[in-house]
Enquirer: 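My questions all concern the structure below.
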Protein chains: 2
Amino acid sequence: METNPIKILIADDEPDIIEIISFHLNKAGYEVETAKDGSEAIEKAKQFNPDCIILDIMMPKRNGFEVCEFLRSNKQFDKTLIVLLTALNDEASHIKGLELGGDDFINKPISPKVLVSRISALFRRIQPATSETKTLQIKDLIIDSEQYKTILNGVVHVLAKKEFELLYLLAAQPGRVFLRNEILSQVWGNDVIVGDRTIDVHIRKIRVKLGIECITTVKGVGYKFDY
Amino acid sequence: METNPIKILIADDEPDIIEIISFHLNKAGYEVETAKDGSEAIEKAKQFNPDCIILDIMMPKRNGFEVCEFLRSNKQFDKTLIVLLTALNDEASHIKGLELGGDDFINKPISPKVLVSRISALFRRIQPATSETKTLQIKDLIIDSEQYKTILNGVVHVLAKKEFELLYLLAAQPGRVFLRNEILSQVWGNDVIVGDRTIDVHIRKIRVKLGIECITTVKGVGYKFDY
DNA sequence: AAATCTAGTTAACAATAAATTAATATTATA
DNA sequence: TATAATATTAATTTATTGTTAACTAGATTT
């Protein structure tokens, strides 16, 4: 079982806030990524796939509400905690934030220690649900074998069974070259006999469906995942 | 064991607060019980077995911290949400409350609407994790295993036993692909032998009865709930 | 008890998607 | 450049699932 650190994305346009919150979250053992506005928050979220996103309401480009709404409409972020921060201390925003799918709503000025406490409290509560060992993630590419789907930059790509299994095999060990024989025995099984071009065709379909260069041909040897 | 309307216990020594919070929680569909001090809160908690307990910090007999600590040391209240209320707006109490196992910490004066919002947000997040919940809700689809019926958009759809159990199995873990074998052993049992098309026919009946696309076929693998 | 339901299953066939092949083009490298 | 390996494309085959209707065994009603 992999024990990756819990990942948190902070989006705020005030560098001071980002810095102090990052510092405290890091100290508490979280892996932190940052964004300075709403658009960057969405971009980073897709790539970083955080377990929790802290959103300032008042941000340039897209405000916290808009980002929250977007995240909640995207299946990739189903299980992602969203914490909203704001200097506005009004009831309506508070309720709106929670109704848009926020998990916590905190008024500024906020003590970093309290923020960290609140976030741990949230994680403590959802802990049992967060134990995904069957999911690979390489940058903005998520390969989820429990759901049999791949998400690239927030977009779901449905691969057929063999395609998926082939991609999963390669991506589980990025950089390692798999011989054609290895691929055949792992994905097709030892007793199955298929023609020369079968692997190539499947590789091609993966390349076309994902639209990125993530599988490299090592001529005369085999293929490797390289992204 | 949880029963259907979500139960909330409020403990506060100020009758006015109790009254106004009860009113709003009731209106939001929760079943409410009250206690006027810490000792009564513990007693009532044992009897009433609430899903959520709202505790004022400053109470006679035993204060909110003490009650929280007691509840958290008792397995009966493992999954019970604890919300702490206080007029003291100091960082140390806030952190202490969360560290003692509180799920939320709210400063008075509190708007009842905000309180209700925060509590629904907590439940929304917790629901999927609680395996003992008998009623699933995914968007406008409610799957009630006590009554063996599903409600979609307010309209009741009666599924037969096998249909219901199949839907329930899938919907309990949305997105997860269930292999045909898993479905067979979970719904039909390990020793039952049925033909190839039995699952398909049941899936079809669910699809027809509900009239929505909520079960996705993953060809060569199985089925998943996806709505 | 006979008739009528109902859920569950099966079987035959249709429809669909996936996997494979085959033919040809392209590429890398000895 | 020659050639072996891989890429590409479309056609074909195969596997899997969808659909329908009929059948069976219990339950329920008359």
Side-chain angles (χ1 to χ4, degrees), chain A residues 145 147-150 156-170 177-226, chain B residues 145 147-150 156-170 177-226:
Chain A
S145 75
Q147 306 204 14
Y148 253 88
K149 74 179 180 190
T150 61
V156 175
H157 296 263
V158 180
L159 303 187
K161 191 185 176 205
K162 283 261 182 335
E163 292 157 18
F164 186 89
E165 287 173 352
L166 176 44
L167 176 63
Y168 193 91
L169 174 71
L170 299 183
V177 179
F178 287 80
L179 311 180
R180 296 174 88 92
N181 280 337
E182 286 185 90
I183 294 173
L184 279 177
S185 69
Q186 293 290 318
V187 178
W188 274 262
N190 286 306
D191 46 349
V192 180
I193 298 166
V194 290
D196 291 8
R197 305 269 60 77
T198 303
I199 291 180
D200 312 46
V201 172
H202 281 90
I203 293 277
R204 159 143 234 274
K205 283 180 180 162
I206 296 169
R207 285 169 170 161
V208 169
K209 283 190 180 176
L210 295 186
I212 53 170
E213 287 189 27
C214 61
I215 296 174
T216 305
T217 304
V218 182
K219 204 161 179 176
V221 189
Y223 295 93
K224 66 175 172 180
F225 184 90
D226 198 352
Chain B
S145 75
Q147 305 190 39
Y148 267 70
K149 74 181 178 189
T150 61
V156 175
H157 297 260
V158 181
L159 302 187
K161 189 171 174 241
K162 282 268 183 323
E163 292 158 18
F164 186 89
E165 286 170 357
L166 176 43
L167 176 63
Y168 191 90
L169 174 71
L170 299 183
V177 177
F178 288 80
L179 312 181
R180 295 174 89 92
N181 281 337
E182 287 184 88
I183 294 173
L184 279 178
S185 69
Q186 293 290 316
V187 178
W188 275 263
N190 286 305
D191 45 350
V192 180
I193 297 166
V194 290
D196 290 8
R197 305 267 61 75
T198 303
I199 290 179
D200 311 38
V201 173
H202 284 269
I203 292 277
R204 159 146 231 274
K205 285 178 180 165
I206 295 169
R207 285 170 170 160
V208 170
K209 283 190 181 178
L210 295 186
I212 52 170
E213 285 190 27
C214 61
I215 297 175
T216 304
T217 305
V218 182
K219 209 161 178 176
V221 188
Y223 294 93
K224 65 177 168 180
F225 184 89
D226 202 350

Enquirer: Kindly give the heavy-atom pair with the smallest separation between B:E182 and B:V177, and that separation in Å.
Expert: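 That closest heavy-atom pairing would be OE2-O, 3.9 Å.
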Enquirer: Kindly say if B:R180 contacts the phosphate of D:dT17, meaning a side-chain N or O under 4.0 Å from OP1 or OP2.
Expert: yes
Enquirer: So what does A:K162 touch, heavy atoms closer than 4.0 Å: a base, only the sugar-phosphate, or nothing?
Expert: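 Sugar-phosphate contact only.
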Enquirer: Restricting to pairs with a member in residues 202-224 of chain A, which pass ring pair (Phe, Tyr, Trp, His ring centres under 6.0 Å), not counting sequence neighbours?
Expert: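 Counting only pairs at least two positions apart or across chains, the ring pair (Phe, Tyr, Trp, His ring centres under 6.0 Å) contacts touching residues 202-224 of chain A are A:W188-A:H202.
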Enquirer: Would a 4.5 Å heavy-atom cut-off, applied to side chains only, mark B:L179 and B:V221 as touching?
Expert: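 Sidechains of B:V221 and B:L179: in contact.
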Enquirer: Compare side-chain N and O positions of B:Y223 against OP1 and OP2 of D:dT16 and report whether any pair is under 4.0 Å apart.
Expert: no
Enquirer: If you find the nucleotide of DNA chain C closest to A:E163 and the one closest to B:K219, which residue's nucleotide is nearer the 5' end?
Expert: B:K219
Enquirer: For DNA chain D, determine which residues of residues 183-193 of chain A have any heavy atom closer than 4.0 angstrom to one of its atoms, and list them numerically.
Expert: none
Enquirer: Heavy atoms only, 4.0 Å cut-off, all strands: where does A:F164 land among base, sugar-phosphate and nothing?
Expert: nothing
Enquirer: Answer yes or no: is there a donor N or O on one side and an acceptor on the other, between the side chain of A:K209 and the main chain of A:H157, under 3.5 Å?
Expert: no
Enquirer: What residues from residues 194-206 of chain B pass a heavy-atom cutoff of under 4.0 Å to DNA chain D?
Expert: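 Within this stretch, B:R197, B:D200, B:V201, B:R204 sit under 4.0 Å of the strand.
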Enquirer: Whole Å only: how far is the CG atom of B:N181 from the P atom of D:dT16?
Expert: 13 Å
Enquirer: For the residue pair B:I206 and B:T150, establish whether any side-chain heavy-atom pair is separated by less than 4.5 Å.
Expert: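 Side chain of B:I206 against side chain of B:T150, heavy atoms only: no contact under 4.5 Å found.
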Enquirer: For the pair B:D200 and B:R180, find out whether any cationic side-chain nitrogen is under 4.0 Å from an anionic carboxylate oxygen.
Expert: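 Yes, B:D200 and B:R180 are salt-bridged.
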Enquirer: Provide the closest heavy-atom pair for A:V156 versus A:K149 in the form atom of the first, atom of the second, distance.
Expert: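 Result for this residue pair: CG1-CD, 4.0 Å.
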Enquirer: If you compare all heavy atoms of B:S145 against all heavy atoms of B:Y168, which two are closest, and at what distance to 0.1 Å?
Expert: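 Heavy atoms only, the tightest pair is CB-CE1, 3.7 Å.
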Enquirer: Tell me whether the OP1 or OP2 atom of C:dA17 has a side-chain N or O from B:T217 closer than 4.0 Å.
Expert: no
